Amino acid sequence: IDGHMESAFRLLRLMEGEGLAADQYTCNSLLHALCKDGKTDEACSFFDGLEDRGIRPNSVTFNTLIDGLCKAGKVDVARTFLEKMISACCAPDSYTYSPFIEHLCKTKGWQEGLSFIDEMLQKDVKPSTVNYTIVIDKLFKSRNYGLATRMWGQMVSLGCSPDLVTYTTSVHAYCNEGRLDGAENVVMEMKKSGVTIDAMAYNTLMDGYASVGQIDHAVTILKHMTSVASMPN
RNA sequence: GACUAGGCGGCG
């Protein structure tokens, strides 16, 4: 759909003209396209039109719209859809909360983000690695390393293992402190736990070495990247 | 069912 919204919606009308009904997946994709373009008003109208199409919104539908609204800064509107979601018997899940956590961390600080993790726990929605990674990243970036470490522990104790992104935020944090030894330790941990290191992760480490003046190390990583076919960006 | 959330850097 990217870059071809007009055509996509034209096709939708064409389909419907032929008596072919779009399904949930199709509508969710279109909704996502609108949200990605920041067209939240249109997204909301499209959402409202779903019932007339005989489409029942599912949790992906709500999650997509909530994400679009949060990214557009319309958190209050997003909240109303969270309510609607519940009254429509769509159980909010970890995807539902991420956009709130992300946006609130960004605008009101990590405390607000953490409050949403608490809300999830209270409502018996199991937080995911992604939910924790968002707050941990924000904590790292505001240099709250103690609390970040505690949240990391809480994440693991809930059965959520750190993934590629979680580890990368940690590498980034060490690099920001000029602690390349720590960054290397994290990389070793990644390898030990079988996480495949991607271009962004290598790039983070490379930048870390460069920013501390160790260009030779940076070049070594760059060579390694090309040798394992992880295209630098 | 290839539908939804998080990480680095550059450009705008």
Side-chain angles (χ1 to χ4, degrees), chain A residues 1-2 8 12 22-36 40 43 46-47 50 55-72 75 78 81-82 85 90-106 110 113-114 116-117 120 125-142 148 151-152 155 160-176 180 183 186-187 190 195-212 218 221-222 225 230-233:
Chain A
I1 297 180
D2 314 317
L12 176 65
D23 68 355
Q24 276 183 332
Y25 279 58
T26 307
C27 290
N28 288 343
S29 299
L30 290 165
L31 186 67
H32 188 217
L34 289 171
C35 287
K36 217 172 37 179
T40 51
F46 186 67
F47 178 91
L50 288 180
I55 301 287
R56 177 189 303 281
N58 61 10
S59 45
V60 174
T61 318
F62 280 102
N63 291 346
T64 302
L65 188 54
I66 285 172
D67 180 49
L69 288 166
C70 284
K71 287 196 166 90
V75 192
F81 278 97
L82 177 56
M85 188 175 185
C90 271
D93 57 16
S94 57
Y95 283 80
T96 314
Y97 286 91
S98 283
F100 288 109
I101 298 172
E102 169 85 33
H103 185 81
L104 291 176
C105 278
K106 204 173 293 176
W110 51 265
L114 278 185
F116 260 89
I117 298 261
M120 293 179 77
V125 180
K126 191 179 180 290
S128 68
T129 297
V130 173
N131 297 141
Y132 277 101
T133 299
I134 296 169
V135 286
I136 289 171
D137 182 45
K138 295 302 178 180
L139 287 168
F140 278 150
K141 285 179 172 136
S142 52
M151 296 310 293
W152 189 295
M155 171 180 77
C160 300
S161 307
D163 66 7
L164 170 65
V165 176
T166 321
Y167 282 121
T168 304
T169 63
S170 179
V171 170
H172 192 229
Y174 277 112
C175 287
N176 271 344
L180 275 300
V186 176
V187 171
M190 291 169 85
V195 172
T196 304
I197 302 168
D198 71 356
M200 273 194 220
Y202 278 123
N203 207 31
T204 304
L205 188 60
M206 210 174 72
D207 250 61
Y209 276 114
S211 71
V212 95
I221 294 165
L222 185 58
M225 285 174 78
S230 202
M231 293 312 287
N233 55 18

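Note on naming: letters A, B, ... go to the chains in the order of the sequence lines (proteins, then strands), and numbering restarts at 1 for each one. Every heavy atom of this structure was used, including side-chain atoms; hydrogens, water molecules and symmetry mates were not. Everything numeric in this text was worked out from a predicted model, so none of it was measured.
Rounded to whole Å, atom C1' of B/C3 lies 14 Å from atom CG of A/L34. Atom CD1 of A/I136 and atom C1' of B/A5 are 15 Å apart (whole Å). In this structure, A/N58 places its CG atom 14 Å from P of B/A5, rounding to the nearest Å. Atom CG of A/D23 is separated from atom P of B/A2 by 13 Å (rounded to the nearest Å). In this structure, NZ of A/K126 is placed 19 Å from P of B/A5, rounded to the nearest angstrom. Rounding to whole angstrom units, CZ of residue A/F81 and C1' of B/U4 are separated by 15 Å. One interatomic measurement links the two molecules: CD1 of A/I1 to C1' of B/U4, which rounds to 13 Å at whole-angstrom precision. Distance CZ (A/F116) to C1' (B/A5): 14 Å, rounded to an integer number of Å.
Among the protein residues, A/D93 comes within range of no part of the nucleic acid, since none of its heavy atoms lies under 4.0 Å from any strand. At the heavy-atom level, A/S94 lies under 4.0 Å from base atoms of the strands shown.
The ring pair (Phe, Tyr, Trp, His ring centres under 6.0 Å) search around A/Y209 returns A/H217, not counting sequence neighbours. A/K106 pairs by the salt bridge (charged side-chain N to carboxylate O under 4.0 Å, His left out) definition with A/E102, not counting sequence neighbours. Residues satisfying the side chain to side chain donor-acceptor pair (under 3.5 Å) criterion with A/D67, sequence neighbours excluded, are A/K71. Applying the side chain to side chain donor-acceptor pair (under 3.5 Å) rule to A/T96 yields the partners A/N63, A/D93; only residues at least two apart in sequence or on another chain are considered. Remark: A/S211 engages no residue in a side chain to side chain donor-acceptor pair (under 3.5 Å) (not counting sequence neighbours).
Nearest heavy-atom pair, A/S29 versus A/I1, reported as atom, atom and distance to 0.1 Å: O-CD1, 3.7 Å. Taking all atoms of both residues into account, the shortest heavy-atom contact from A/S94 to A/M120 is CA-CE, 3.8 Å.
The aromatic ring of A/Y25 sits over the base of B/G1, with ring centres less than 5.5 Å apart and planes inclined by under 30°.
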Quick one: what's the B/S/- string for nucleotides 6-12 of chain B, heavy-atom cutoff under 4.0 Å, read 5' to 3'? BBBB---
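A donor-acceptor contact under 3.5 Å is formed by the side chain of A/S128 with the base of B/A5.
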